[in-house]
J.: 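First the structure, which I've put down as structure tokens, then a few questions once you've had a look.
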Amino acid sequence: MCGIVGYIGNNAIKNTITGLKNLEYRGYDSSGIAYIKNNKVIIKKEVGRIDNLLTNLDYDNSVNIAIAHTRWATHGEANKTNAHPHKVGKITLVHNGIIENYEKLKEDLTDYSLISDTDTEVIAALIDKLYNKYSDMKLVLSKVTNLLKGSYALAIINDDIKDKMFAIRKDSPLIVGYDNKSTIIASDIPAILHVTKKYYLLNNYDILEISSNKLNIYDKDLNKIVKEENTYDADSTTISKDGYEHYMLKEINEEPDIFKNILDKYIINDKIVDIYDISKYENIEIVACGSATHAGLIGKYYIENLASIKTSVYYASEYRYQKHIYNQKTLVIVISQSGETADTKEALKIANEANLDTLAIVNVYKSSIARLAKNVIYTHAKIEVAVATTKAYMAQCLILLLLALKVNPDKTIINELHNIPNIMKKYIKKDYKEIASVISNYDHIFYLGRLVDYYLALEGSLKLKEISYIHSEAYPAGELKHGTISLMDNNVLVIAIVTDNKIKDKTISNIKEITARGAKVIAITNDNREFSDYKVLIEDNILIPFITIIPMQLIAYEVAKIKKCDIDKPRNLAKSVTVE
Ligand code: F6R
């Protein structure tokens, strides 16, 4: 969480802010910028969205060095004092990450009177103290990497060295982009594309020394290192709304094309090609967080039904701490849009350390998880900006289905896959406002389903609650009568997913039990019978989960719109969850 940018070159304030705006998805409870003007470090900070910072910002185009930050609070509430940049002595810096031993470090910094509640200010004081002793920033930063425990990406300026910027990282992402005239460092690629598409990935403990015409990268022993150059291969328009009111809506509209692109990549002449072969494994463990876990459950459904391989799905935050009973025929699959989720990354390390085969299904190219896993499949969903995932979730589900189809290339399913993009388009065009208006009147909602319908319910419910702030829970329909049915009354709305032909009659019986107790029911279903108060009818299809998800995402979107929520940046959230 949090996003950092640093820039050296022409028009630094404007270029830094453009980068920062493209990182706002990483956290948006306060933001700040520091730049050097007339030999002085100037710091501006504001609480709330980056737009608040911009209101009175002086875009002096003669400034050529700036660092900036958008925050998702960890240590200390979101206020101006805790916002970054932090300046202590000669050192001004911005930080993405968490310093676990900051309290201990603070005990040795009693000469400093620190004013914020943050761990970051402690780093600034530590660097200042060491700089006063050694007067050599590179040496200081190599020492700092030994002292800090936790994760950090830091962009640093020093009052004594006004023509340079420094940076270090460990376990928080940081890339460096450059062209002939300027250098930009940032937490993620969208923040550099207005300057350049050429960039270097940085490793843990890399130390950067940047001046306007020179970029030096050192390892922690201060040996100079040469990096492999990367070029971002999509154009920067992928991070515009393209006329849509919200990124979320744009991204839902992209789903049919993304689906088709994935098929074009992995299905040639009706054969599944170039995808990891899972047939040799006896067990698969899928590990992820949030929506990626829900995609993992859809994957479990397909892998077990098509490939007959026992598959279990775990929350990464728990997987890390539980006992593992592996055999060497276990494959661990981690799923992550950002490729930076801290819990997922740590779970992956556990599987790597147990010498298991690991496979990452990731959207962000060469992200930490993509680089850590022994094998990687990219979801090719392009940059996803809305905090609530839609297209990346769908792409994750499709990749998992393709893994299963590689083992069991079911002809009917492979043929039908090609029809799905057009069917999706049909459901994207439909109007869900009326159903959304019903939902918007409730404070408590249950999403119900059985098996794959329950897995979809989990995702539908998460989508609704995270962007509309309506309390919503997903529950296995058959479990209701074992306790939770006591909550059913006319204050509750139930959204039932009823699409699995094998089991839907059972869910319909559960719905009757619910309506008998006064709760209203919306059915999202392929069944023409009358069993609910409202209905979103979906055509039957062997791949119905890929159709059902579209109305569910759009319903959540429309409800959030009615409730005037900040759809692309829901409160308290951030897109890349790099804290544990
Ligand atoms: C919900 C959502 C989150 C993410 C979760 C994992 O809409 O986006 O639940 O799915 O934080 O993130 P990644 O996939 O980046 O590891």
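In listed order, ligands and their atoms are each counted from 1. Starting from 1, each residue takes its place in the sequence as its number.
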J.: Any atoms of ligand 1 less than 4.0 Å from a non-hydrogen atom of A388? List them with their elements.
T.: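 Those atoms are 7 (O).
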J.: Which residue and atom name correspond to the protein heavy atom nearest atom 6 (C) of ligand 1, and how close is it?
T.: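 Going atom by atom, the protein heavy atom closest to atom 6 (C) of ligand 1 ends up being C289 O, 3.3 Å.
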J.: Among all the protein's non-hydrogen atoms, which is closest to atom 11 (O) of ligand 1, and how far away is it?
T.: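 Result for atom 11 (O) of ligand 1: V577 CG2, 4.0 Å.
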J.: Tell me, please, whether Y247 has K250 positioned over its six-membered ring: NZ or CZ under 6.0 Å from the ring centre and within 45 degrees of its axis?
T.: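 Negative - K250 is either too far from the ring of Y247 or too far off its axis.
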J.: Using atom types as modelled and distance alone, determine if a side-chain donor or acceptor of Q553 lies under 3.5 Å from a backbone N or O of G460.
T.: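 Answer holds: no.
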J.: Which bit of E340 gets closer than 4.0 Å to ligand 1, counting heavy atoms only: side chain, backbone, both or neither?
T.: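 The answer is neither.
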J.: Could you tell me if the ring centre of F259 sits under 6.0 Å from that of F546?
T.: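 Yes, the ring of F259 comes within the 6.0 Å limit of the ring of F546, centre to centre.
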J.: Less than 4.0 angstrom from a charged side-chain N to a carboxylate O is my criterion; do R571 and D29 meet it?
T.: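 Looking at D29 together with R571, the answer is no, because their closest N to O distance does not fall below 4.0 Å.
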J.: Backbone or side chain, does any N or O of Q396 fall under 3.5 Å from an N or O of ligand 1?
T.: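 Looking only at distances, the answer is no, because the N/O contact criterion of under 3.5 Å is not met.
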J.: Is N363 near ligand 1, meaning one of its heavy atoms is under 4.0 Å from it?
T.: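 Outside the 4.0 Å threshold, so no.
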J.: State plainly whether the residues K425 and E255 are in salt-bridge range, i.e. N to O under 4.0 Å.
T.: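 Looking at E255 together with K425, the answer is no, because their closest N to O distance does not fall below 4.0 Å.
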J.: List the closest protein heavy-atom neighbour of atom 9 (O) of ligand 1: residue, atom name, distance to the nearest 0.1 Å.
T.: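 The closest heavy atom on the protein side is S291 N, 3.1 Å.
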J.: Say whether T389, considering both its backbone and side-chain N or O atoms, lies within less than 3.5 Å of an N or O atom on ligand 1.
T.: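 Right, the criterion is met.
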J.: Give the atoms of ligand 1, by number and element, whose distance to some non-hydrogen atom of K463 is under 4.0 Å.
T.: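 Answer for ligand 1: 1 (C), 7 (O).
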J.: What is the closest protein heavy atom to atom 12 (O) of ligand 1, and at what distance does it sit?
T.: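 Ranked first by proximity to atom 12 (O) of ligand 1 is T341 OG1, 3.5 Å.
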J.: For the rings on Y365 and Y378, is their centre-to-centre separation under 6.0 Å?
T.: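 Judged by ring-centre distance (under 6.0 Å), Y365 and Y378 do meet the cut-off.
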J.: Closer than 4.0 Å to some heavy atom of S336 - which atoms of ligand 1 meet that?
T.: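 Atoms satisfying the 4.0 Å criterion: 13 (P), 14 (O), 15 (O), 16 (O).
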J.: What is the nearest protein non-hydrogen atom to atom 14 (O) of ligand 1, stated with its residue, atom name and distance?
T.: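 The closest heavy atom on the protein side is Q337 N, 2.6 Å.
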J.: Could you find the nearest protein heavy atom to atom 7 (O) of ligand 1 and give me its residue, atom name and distance?
T.: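 Nearest protein contact, heavy atoms only, for atom 7 (O) of ligand 1 is E466 OE2, 2.5 Å.
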J.: Do E24 and K569 meet the salt-bridge criterion of a basic N to acidic O distance under 4.0 Å?
T.: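 Yes, this pair counts.
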J.: Would you call K463 and E459 a salt bridge, using N to O less than 4.0 angstrom?
T.: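 Answer for the salt bridge query: yes.
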J.: Are H471 and Y442 an aromatic pair, judged by ring center distance below 6.0 Å?
T.: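 Not close enough - the centres of the two rings lie 6.0 Å or further apart.
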J.: Could you tell me which atoms of ligand 1, counted from 1 in the order shown, lie closer than 4.0 angstrom to a heavy atom of A292?
T.: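 Here the atoms of ligand 1 in question are 10 (O), 14 (O).
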J.: Got a salt bridge between D51 and K21, using NZ or NE/NH1/NH2 to carboxylate O under 4.0 Å?
T.: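 Looking at K21 together with D51, the answer is yes, because their closest N to O distance falls below 4.0 Å.
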J.: Quick one: which ligand 1 atoms are inside 4.0 Å of a heavy atom on V387?
T.: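 Result: 8 (O).
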